[in-house]
Amino acid sequence: MVIIIQHQVPDGMIGKGEAFMPYNFERVEKKWQQYWEENKVFQVECDPGKPKFYCLEMFPYPSGALHMGHLRNYSIGDLLSRFLWMKGWNVLHPMGFDAFGLPAENAALKYGVHPKKWTWDNIEHMTTQLKSMGCSYDWRRRVETCSPDYYRWTQWIFLLFLKNGLAYRKHAPVNWCESCQTVLANEQVIDGGHCWRCGSLVTKRKLEQWFLNITRYAQELLDSLGELPGWPEKVKLMQRNWIGRSEGVHLSFPVDGMETSLETFTTRFDTIYGVTFLALAPEHPLVEELVRRSPKGDEIRKFVAETLQKSEIERTAVGGEKTGIDTGFKAINPVTGEKVPIWVSNYILIEYGTGAIMGVAGHDQRDFEFARKYGIPVGVVIQPTEGNLDPETMTGAFEGDGIQCNSGDFDGLPTEESIPRMAAWAEEIGVGKREVNFRLRDWLISRQRYWGAPIPVVYCEKCGIVPIPEDQLPVLLPDVQVLPGGKSPLPETEEWVNTTCPYCGGPARRETDTMDTFICSSWYFLRFSSPWTAECPFRKEDVNYWMAVDQYIGGIEHACLHLIYARFFTKVLSDLGYVEAREPFTNLLTQGMVIKDGSKMSKSKGNVVDPDEIIRKYGADTARLFILFAAPPDKDLDWSEKGVEGAHRFLRRVWRLVEEGGDALRQAPRRRIPLVELAAKDRRDLKRRIQSTIESVGRDIEKERQFNTAVARLMELSNALSDFTPRDVTDWTLYREGIETLLLCLSPFTPHICEELWQSLENQGCLAGATWPEVEADCLEAESVTIVLQVNGKVREKIELPAGLGSEELKERVFSEEAVRKRLEGKEILKVIAVPDRLVNVVVKG
RNA sequence: GCCGGAGUGGCGGAAUGGUAGACGCAGCGGACUCAAAAUCCGCCGGGCCUUGGGUCUGUGGGGGUUCGAGUCCCCCCUCCGGCACCA
C-alpha cells in the first residue's frame, strides 16, 4: 500500500523526470520500528569493559495517552541516547510507568472499570505510542510501579527505612485534601495551600501518620547541591530555598512562677536585649496549661479556637492581620533577668522551630506590627550607622545591620561581629545553644487511598506495630471495588485487614493506608539496572555499573518533589550500602512546557494537540524534528502546525535529495576525498561545510544541548547539497559523502527516514548501530574569510581575504584595497585595530 | 516583599566583546500548470536618497566602560517562574 500525503502527484514524477519512491513515512516508520525490535538493536547489557551512559527521561503516569509534554521529553531523551550510542557509549535507555495513583481510582468511579485494568490498559496503549515514536528503549527493562514484582521492593525499602529508624509514626497536624480524600506531604501543597494534583484548598487535620525522616538528610541534601554542576542553577536554588537552612540560637525562657521554661529559636540572638514579649503558636503544648492556670483561661481558649478555625492561608498570608492575646504569664529573659509577657499569637507557626518566639519589636517587622497593635513596648538594641532610632516614634522595625546598643558589654559592636560573638557567649554562659533549623519537614507518606503500595505493617494487640517479614512480601493489594465518594475501600475489606501477627500469631489488623506514589518513583531509576531480578530490588554489580543517571530529563515542576525525594532515597540506600552513588542524577535537563496560543496545553483551555494525530498526519520523524527545532530544550515551545509542516517539508527535501541522486549517487564510490585533493574552491567549500556540520552538530548536542541550532546546521548542509550539481565521479563521491554525513548526523533526530535512505544507498547495517563520523580537522580551518573594514566602529567595506593573516599583514592587505583607500582619503588616522580573520577598525579624526 | 530567569523582525528563534537577525514559519514577486496543490527561483527590520548602490537608524528604556556592546557595569520599566508572617 502506498499512501501519498497532501498532494496527488507523487514527488517522484517531478524533479529530474525520473520516477522515484515517494516519502511514505508510514511505511518507513513501521518498517524500521519492526527492524529495531526484531534485531534487538536497543537491548543493552552491563559491560564493565565499555564506558556507560545512563540516559533517563522521567517516566510517565499512565493517564491514558501521551501528551505533547511527553513527546517533547522523550524526543530529547531519544536524541541524546542515539547520539551517545553513535559516539561509542554503552547506553542504558529504559522506560517504565509510574502506575500507582489517584486518577486510576477516579476513572474507576467515572467509568466503572477497576483501577488495575484501567492502569494496565493505559500502560499497553502508551507503550504502543512510545514505540510509534521510534524511541530507542530497551523494552525488556520496562517497569511498572503497580506491578507486585515492583512494589514488593518498594515495601522492602520502606521496611529498610523502618529498621534504620528513618520511618516512624507520629500524631501531628497534617495537610488534608478533602477532594482527594487523603493527606499530603508539605511538598505537595502548592500555590499557597492547594493540592498539587487537584488544586483544592488543603486543610489541617490532626492524625497519626507515617513519616520518613528526610530532615535527617537536610544538611547533606543542601551541601551536595554544590556537587551537582550539571544541574540548572534554578533547580538548585529552588531546592536550597525549600530546604531553608537557618543558623541561630536555641534558648530557654523560664516561665515566672512555673517549673517549665519556653523554648525558642532565633537567628538574631544579637537582639536578645531587645526582647519585649514572647509569643506562642496557638497549637503550642504550653498553651493548654496556661489556660488551666489562668483566671482568663476561657478568653484564651476562645482565641485559640477561633484562630485554629481559620484556614492556613488566611492565617499565614503576608500582611495578614496579626492577632493575639496576653496570657498574663511572664517569662524571664535569661540574659537580662527581665520579665516579659507571654502572648499567644496567630502568626506563630507550630511547625517551624519550637513554635514559640522571642518578640523583638524594634528589629523584626512582624513583631513590630504586633507590638504596636497591642501597645507592647518596642526596644532598640541596634542603631543604624546613619540616623538614630527612637522606639516611641519609629514606624517600622530596623532589620538591617548596625551598631549594638543597650546590650551590656556588646555595645558598640557592628552586627556582623555581634551575631557570632553573642551566640558564642550564649553557649559560654549556658543560656543558649547554637542550632541549625530547616524549613524542610519530614515526609508524610501515608495516603488514605486504595491504588498504591500497601504499607507493609500490621498492628498487633500484643506486639504493637509489627513489620511484615521480608519473605512474606509483597503485601498484595486486594482486588476490591472502589467506593463511591472516593473513600479507600481497604479499611472496609475485613478479610484483608484482619490478619495474624507475624510475630506472635495473635490477631492483628493490617495498615490500610498506602504509600505516597512519590515513594515508588524515588528508586525506579535503580530498578532499571536489573529489573528482572526477584532476589533483591536491584543487583549491586548492575546498579553500580549503571548509576548514576548521566542525563536526566523532565519537567521543572518536580524541583521540590520527585527530585528531592529521589536524592534522599539515593543517599539513604547509599549509606546502607546498596548503591555506591551519592547522587542519582549527574546532569539534569529541565525541558520547557509546550505552549499553544499563549498558554500551556490543557483540556480546559481546549488547545490540546494530540501526538497520535500529528504522528498519523506527518509521521514520528516530523513530530520529533519539529519539537527539537522549534525552541531550545529548556525554553517553552510554541506549538505551530505551520512549523510542523516546515519540518515535514525539510524531510521531504532530504528524501528527494537522495532519490534524485539515483544510480549516479548509489554507484558513487564510498570514499572521503581529502580536502587537499579537491581542486575547485566551491568543491572545497562544500567539503568544509560537510565536515564542519559534523563538528557543530556534535557540539550542539553534546555540549551546548542546543538541539534547535543543531537542526539549523543540518538544514544548511541540506541546502548546500541541494545547490550542488555533481558533474563527474569526484563530484558524485563528494556528494555521497555529503549525503551520508547528513543522514548520519540527522539520524538521532529522525531515525526512521535516515535508516531508509541509508539503506537505499546500499549501505550495510543500520544507522542505529553506526558510528558518529570523525571530523577531518583540516576542514575546520577556513580558507578565506570576510574581513570587515570599520571606520570609527561602523561597518564600511567587506573584503574577502585568505584566512590566518597576522594583524600587520591584514592591515597592509586591507589598506591596499582600492575601496578602502578611497574611503580613507584625506582622513587623519588616529588608530588602527586589526583582529585577525575578523576585522580592521580604523579610528579617524572628525 | 525576597530570590531567580527573560525582553532581539510580522512569528519561533540565531549570534567566543568584533558583519545583528543564522535556520525555520508567515508574507510578497516570479517560474511550472487550463487551474490549484506540490515544487523551484528571487525579495523580505525600519527610514531617507529618483532606481544600481548609498546612507542613517535599530536588540525594553536611560546612563557608563571600550577602537567596537544584543553581549560587560549601574539605574529604571515590563513579563514569566519560585518562595512567601520560617522566627
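Numbered from 1 within each chain, the chains take letters A, B, ... in sequence-line order. What you see is a predicted model, and the numbers here were worked out from it, not measured in a lab.
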Q: Sugar-phosphate atoms are those with a prime plus P, OP1 and OP2; base atoms are the rest. Using that split, label each nucleotide of nucleotides 8-18 of chain B B, S or - for protein heavy atoms under 4.0 Å, 5' to 3'.
A: ----BSS-B-B
Q. Should B:C72 form a Watson-Crick or G-U wobble pair with both distances under 3.5 Å, which nucleotide is its partner?
A. B:G64
Q) If we call it a pair only when both distances are under 3.5 Å in a Watson-Crick or G-U wobble match, what pairs with B:A26? A) none
Q) Any donor-acceptor pair under 3.5 Å linking the side chain of A:His363 with the backbone of A:Ile382? A) yes
(Q) Please determine whether the number of non-hydrogen atoms from other residues, nucleotides or ligands lying under 6.0 Å from atom NZ of A:Lys433 exceeds 12. (A) no
Q. Between A:Trp343 and A:Tyr374, how do the two ring planes meet: parallel, tilted or perpendicular, split at 30° and 60°?
A. tilted
Q.
Need one value for A:Ser246: base, sugar-phosphate or nothing, where a base atom within 4.0 Å counts as base even if backbone is also close, heavy atoms only.
A. sugar-phosphate
Q: Provide the distance between the two P atoms, one in B:C43 and one in B:U66, to the nearest whole Å.
A: 41 Å
Q.
Taking the basic N atoms (NZ, or NE/NH1/NH2) and the acidic carboxylate oxygens, is any pair closer than 4.0 Å for A:Glu808 and A:Lys811?
A. yes
Q: Before accepting this row, confirm whether a basic side-chain N of the pair A:Lys822/A:Glu825 lies closer than 4.0 Å to the acidic partner's carboxylate O.
A: no
Q. Is the base of B:G9 syn or anti, if syn means a glycosidic angle within 90° of 0?
A. syn
Q: Indicate, with a heavy-atom threshold strictly under 4.0 Å, whether A:Gly646 touches base, sugar-phosphate, or nothing.
A: sugar-phosphate
